[in-house]
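Everything below concerns the one structure shown next.
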There are 2 protein chains.
Amino acid sequence: MIEDDDRIRMSLGLALEDEGYTVRAVATAEEGMASQRQEPADTVLVDLMLPGIDGFECIRQLRRDGDVPIIVVSARDDTHDVVAALEAGADDYVIKPVAVKELSARLRALRRRARPVAVAPQIMVFNGLEIRPQAGEVLLHGNQLSLTRTEFRLLCELAEHAGLVLSRQQLLERVWEYDYGDERLVDVHIGRLRQKIEDNSATPQRLLTVRGLGYKLQR
Amino acid sequence: MIEDDDRIRMSLGLALEDEGYTVRAVATAEEGMASQRQEPADTVLVDLMLPGIDGFECIRQLRRDGDVPIIVVSARDDTHDVVAALEAGADDYVIKPVAVKELSARLRALRRRARPVAVAPQIMVFNGLEIRPQAGEVLLHGNQLSLTRTEFRLLCELAEHAGLVLSRQQLLERVWEYDYGDERLVDVHIGRLRQKIEDNSATPQRLLTVRGLGYKLQR
DNA sequence: CGATGTCATGACAGTTGTGTGACAAACCCG
DNA sequence: CGGGTTTGTCACACAACTGTCATGACATCG
């Protein structure tokens, strides 16, 4: 939910949570778009009158980034606004003050229609190494490898940030979901992963150690 | 358009034609449903207060027959009606008198979302395994198999996402419609399904286990 | 050129994940 | 009702995986 009025944001958020929704609420379009990029929501509720980037522009940008369902929740009841918002890419438009039951019903109706998502990076390729997160497959020079779950998740994590160094701590958090723990554990699994994805040359070609910092997957 | 008031039907019909739509207008739910069965429209506009079968029932029946987008155009502005109509299967609800520009924009917004007509995969074939979801038939090397309902649904679910890993949780939700439950249940049914669709070789050829992630049907 | 910190790797024991057969409850269909 | 079928639960066996540790190699620096 992108809504700059604190009172409305709070009360509407709580009301929707009562209806069984999980709500993430922010006050500006900038925050909303960042949040959506970070961790996409199923549906976006957006006000039109926002400080900074306004609702219309926000809708256009959200629409450009993906096809998340968007409902405008606005106090403006002018037909021009409705038309403009829908043209910008919104899916529905309700006028404040809004009955939560109605909003909830419209959310359900919209989600019935929404495409069964289609997020997910399809395939990533790095110098002979092909990763298909969806299919749970990794191919090296076209041959399918059999990775363990941990190896697979570790590789995906590195691949998603290919070229960037990830610290052992970051990897522990993201792959193992440990907040603390022995960082050497990462080393062991990197080693095992290397045996499978490197071509037996003396020095690693793909999965590089950055001494003192962590590991990275070569682009 | 299903609308019993002659004046509104005429004027709204003409106005929409001005907007570029082709309109077929009838006065009763019975006519509307017959017309829709005869020659399906892209979108249905329906009033709630109709003689004979009322709007709610009309929506339910239209929805049962297919997933044509439905917009309610009603003079009733009570939240209960809105919720009831959306729950019955409507996609949007606008209140009379309606601005044609707004209705037109909502029509466009809805049609953006509408599924690109019946996907309905007729027949799927995977390495000697032929699945006909419509007919409820599965053939292995041309011989019809007798699957139980659960096995069939499980297979269809996997087939619809062939090549992609589905977690036990996803399968539980989609095949059993359990939100939680013992994931081992999936294993058992996968085992039973395998006995029927695999060619008795030691390792599965079609229905693969992806350790730690779930199962997938080999493309 | 040692001293020190960092990293790679093989071995191993405990844990986890998966396949399967047995069984009872639920269901279906005359 | 009553038979067969289907379904869900359970327990066990086995293989695969994980995390820990010890050892040694290697880089860096004073």
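In what follows, chains are A, B, ... by sequence order, proteins preceding strands, each numbered from 1. Since the structure is predicted, the reported quantities are computational estimates derived from the model, not experimental observations.
- Between B:Asp67 and A:Arg112 there is no salt bridge, since no side-chain N of the basic residue sits under 4.0 Å from a carboxylate O of the acidic one.
- Rounded to the nearest 0.5 angstrom, A:Leu217 CG and A:Glu160 CD are separated by 11.5 Å.
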Discussion item. For a side-chain contact (heavy atoms from CB on, under 4.5 Å) check, start with the C-alpha distance between A:Val210 and A:Tyr215, then their side-chain angles and the critical distance, and finish with the verdict.
Written reply: CA-CA 5 Å; A:Val210 182; A:Tyr215 298 96; over 6 Å; no
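- Residue A:Ile70 holds its CD1 atom at 4.5 Å from CG of A:Leu62, rounded to the nearest 0.5 Å.
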Worksheet entry | Sequence-aligned protein contact record of nucleotides 17-30 of chain C, with B where the base is within under 4.0 Å of a protein heavy atom and S where only the sugar-phosphate is | BBBBSB--------
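- Note: A:Lys216 NZ to A:Leu164 CG = 8.5 Å, rounded to the nearest 0.5 Å.
- Across all strands shown, A:Phe152 has no heavy atoms under 4.0 Å from either base or sugar-phosphate atoms.
- Annotation: the span from A:Phe126 atom CZ to A:Gln218 atom CD amounts to 10.5 Å, rounded to 0.5 Å.
- Remark on DNA chain D: of its neighbouring residues B:Ser146 and A:Ser146, the 5'-side contact belongs to B:Ser146, judged by nearest-heavy-atom nucleotide.
- The nucleotide range of DNA chain D contacted by chain B, defined by atoms under 4.0 angstrom from heavy atoms of the protein and reported 5' to 3', is D:dT6 to D:dC17.
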Pairs of donor and acceptor atoms involving the side chains of residues 140-150 of chain A, under 3.5 Å and at least two apart or interchain, shall be tabulated with distances.
unit_1, atom_1, unit_2, atom_2, d
A:His141, NE2, A:Asp199, OD1, 3.2
A:Thr148, OG1, A:Glu151, N, 3.2

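- Remark on DNA chain D: of its neighbouring residues A:Thr150 and B:Asp182, the 5'-side contact belongs to B:Asp182, judged by nearest-heavy-atom nucleotide.
- Take B:Val188 and apply the side-chain contact (heavy atoms from CB on, under 4.5 Å) test, not counting sequence neighbours, and it matches B:Arg192.
- Open room surrounds CZ on B:Arg219; 12 or fewer heavy atoms of other groups in view lie less than 6.0 Å from it.
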Taking only distance into account, with no hydrogens and no angle test, what donor-acceptor pairs under 3.5 Å do side-chain atoms of residues 23-36 of chain A form with protein atoms, sequence neighbours excluded?
unit_1, atom_1, unit_2, atom_2, d
A:Arg24, NE, A:Ser35, OG, 2.8
A:Arg24, NH1, A:Glu39, O, 3.4
A:Arg24, NH2, A:Ser35, O, 3.2
A:Arg24, NH2, A:Ser35, OG, 2.9
A:Arg24, NH2, A:Glu39, O, 2.5
A:Thr28, OG1, A:Glu31, N, 3.1
A:Thr28, OG1, A:Glu31, OE2, 3.1
A:Glu30, OE2, A:Ile53, N, 3.4
A:Glu31, OE2, A:Thr28, N, 3.4
A:Gln36, OE1, A:Ala41, N, 2.8

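- Each end of the helix from C:dC1-D:dG30 to C:dG30-D:dC1 gets its own axis, taken as the rotation carrying the C1' atoms of four end pairs onto the next four within a five-pair window, and the two axes meet at 40° to the nearest 10 degrees.
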